[in-house]
Amino acid sequence: LNDTTTTTTTSNKAVNSATLQFNNKLSQMAKKFDVSTAAKVEALLLEAVKNYQESLQNNNNDDRDDKQEGGEEEEQTTKQIIAPNTVSFTNAITAWARCTRKDSAKRAQALLDQMHILYKEEGWGHVKPNKISYNSVITAWARSRDKDSAHQAESLLRKMYDFYNLELENSINDDNNDNASDIARNLKPDSRSWNAVINAVARSRNTNCGDRAKFLLDEMGRLYQEGDGDLLPDALTFGAIINAYANSFEEGASDKAAQLLMHMESLYQMGFENAKPTTFVYNACMNAFAKDPLISINATTGGDITMNRAEKAEQILTSMEKRYEEEKDYRVMPDCISYSTVINAYANSNTEESGIHADAILRRMINRYLLGDTKCRPNAVAFTVAIKAHSAAINAALLAEGTSATKDDDVQRKRTEASARRCEDLLQQLCLMCQNQGNDRTLKPTSVTFESVIQALTLANDVEGVERVKLLRDDGGMIINNTRRK
């Protein structure tokens, strides 16, 4: 939406000073992200439209002789009349796109529809919608929580092409090459149009939204190959689709996410700088592996699928670390979310080695933070998923003990007890960090943290440990000497 306000400075011979001042006022108001400003901007716009329509009607009703007598006076008066134009409407649409009201997208759409009516039915050429107008409405739908928002955004993109083709055809029929060039520049959908629609579809959480967004991405790429050089997807677009796959919880979704990541890598190597994977994209792909249903298949049932999913997530993390060390590009710098996501992947893998792998990733994270990487500062989420990983290891060990006649019960018991103690250690370490940092909220254990530790200690039959953790929880996470496990 940043290019919306710049249209107020574009040259337009038909724009008088009153209209310019009016547009600048709307532009300034439209910059606010709140619940009330958009309605005020629209009210000012509609009032100006009404006044302009009345002025046109009055001029049409004037006697020709009266108009000729006062021609100079009328011309001076006309200069002071606000004539709402494309910029005026687009600023109002932008205000709705930034508004937090539930009906914001519908209100933005209504203004675009009104622009078409004024342009087609009343012949107001100065309110002809352009691609900024369309892109602003598409953005409004992309931000909307309306269940039909993805469909509306995609439908609007198709209508944008229809309007562009119609205007271009009319211009060609009129043998006006200059106007055709202006139409291509001002109305043809661009990468912003497509990226906004793809993001709307990917974030919709509709069934198969990831596949639908990928279909649109492929269509965008085909149009680029056919010569539309403006259609280049950016990293956020790829990231939104990968994130959609992660949130789909579908089997094999992580493989689709990984393929997209590889496609981005290829595009970047070919010179498309905007396609360079970012931390957000890497994190989304690792999250897809962490949430893939196949990751929960127990490795003891005969497959290596489980560890492959978690290990792939770690491989992505390792590649991030390597790329950052080589390029020193902050856009690919691993952060707390990166490490926590991989820890969560190992926790979801539900193997006897889940806790061991989680500890290794947590140590890597802490080491980077101690070396000065503030983005890797540990928080309660990282420790909680690490605890979850050790609890998963206990469950896997107990399951293996119940299904195998050859397992050494004493060895299994010791491993279970060790994992449970590690859970309590992680909890106490987190509590101490929280106290030392002035009860930093990001380090404060949650009810989930405490319950995970209690569950692990219960599985290990550590009654005293359970009581210690309950006491620690009741004390608000404050470490007291007699509650610290020796």
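Position 1 is the first residue of the sequence, and the numbers go up from there.
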Greater than 12 external heavy atoms within 6.0 Å of K147's NZ: no
Candidate list I316, D335, N287, L317, test side chain to side chain contact (heavy atoms under 4.5 Å, CB included), partner Y282, passing option: I316
Beyond-backbone contact of K31 with R98, side-chain heavy atoms, under 4.5 angstrom: yes
Working for side chain to side chain donor-acceptor pair (under 3.5 Å), residues Q109 and W96: CA-CA 9 Å; Q109 180 71 59; W96 281 117; over 6 Å; no
Distance, nearest 0.5 Å, that separates CZ of F89 from CG of L112: 10.0 Å
Residues E273 and R331 bridged, charged N to O under 4.0 Å: yes
Short side-chain donor-acceptor distance under 3.5 Å, N348 and K388: yes
Whether over 12 other heavy atoms sit under 6.0 Å from I337 CD1: no
Side chains of K444 and N439, donor plus acceptor under 3.5 Å: no
Heavy-atom check, side chain of M320 versus side chain of T279, under 4.5 Å: yes
K328 charged N/C atom sitting above Y324 aromatic ring, 6.0 Å / 45°: yes
Stepwise salt bridge (Lys or Arg N to Asp or Glu O under 4.0 Å) check, E167 with K188: CA-CA 10 Å; E167 290 294 306; K188 187 177 182 180; over 6 Å; no
Intermediate values then yes/no, side chain to side chain donor-acceptor pair (under 3.5 Å), N91 and T94: CA-CA 5 Å; N91 281 328; T94 300; 5.1 Å; no
Side-chain donor-acceptor pair present, S391, S452, cut-off under 3.5 Å: no
For K106, the option from D113, D148, D146 that meets salt bridge (Lys or Arg N to Asp or Glu O under 4.0 Å): D146
Minimum side-chain heavy-atom gap L261-P277 below 4.5 Å: yes
Flag side-chain contact, heavy atom, 4.5 Å: M220 against T237: no
Test item: side-chain donor near acceptor, S55 and N58, under 3.5 Å: no
H116 ring center near F163 ring center (under 6.0 Å): yes
Atom CZ of R158 with >12 non-hydrogen neighbours under 6.0 angstrom: yes
Separation of F22 CZ from S17 OG (nearest 0.5 Å): 14.0 Å
Side chains of M115 and W124 in contact at under 4.5 Å (non-hydrogen atoms): no
Side-chain donor-acceptor contact under 3.5 Å, T446 with T449: yes
Under 3.5 Å side-chain donor-acceptor pair for N379 and T442: no
Residue pair R309, D255: steps toward the salt bridge (Lys or Arg N to Asp or Glu O under 4.0 Å) verdict: CA-CA 9 Å; R309 290 295 190 278; D255 293 330; 3.6 Å; yes
Ion pair K256/D211, N-O distance below 4.0 Å: yes
L216 vs V197, side chain to side chain contact (heavy atoms under 4.5 Å, CB included): CA-CA, chis, key distance, verdict: CA-CA 9 Å; L216 292 172; V197 171; 4.0 Å; yes
4.5 Å side-chain heavy-atom contact, L430 and L443: yes
Exercise: do S88 and N23 side chains pair donor with acceptor under 3.5 Å: yes
Note, N51 side chain near I82 side chain (heavy atom, < 4.5 Å): no
Residue pair N208, R212: steps toward the side chain to side chain donor-acceptor pair (under 3.5 Å) verdict: CA-CA 6 Å; N208 298 323; R212 183 60 189 173; over 6 Å; no
Side-chain donor-acceptor contact under 3.5 Å, E314 with Y346: yes
Near-ring test H126/Y52, centroid separation under 6.0 angstrom: yes
Pairwise side-chain contact, K131 with N186, heavy-atom cut-off 4.5 Å (strictly under): no
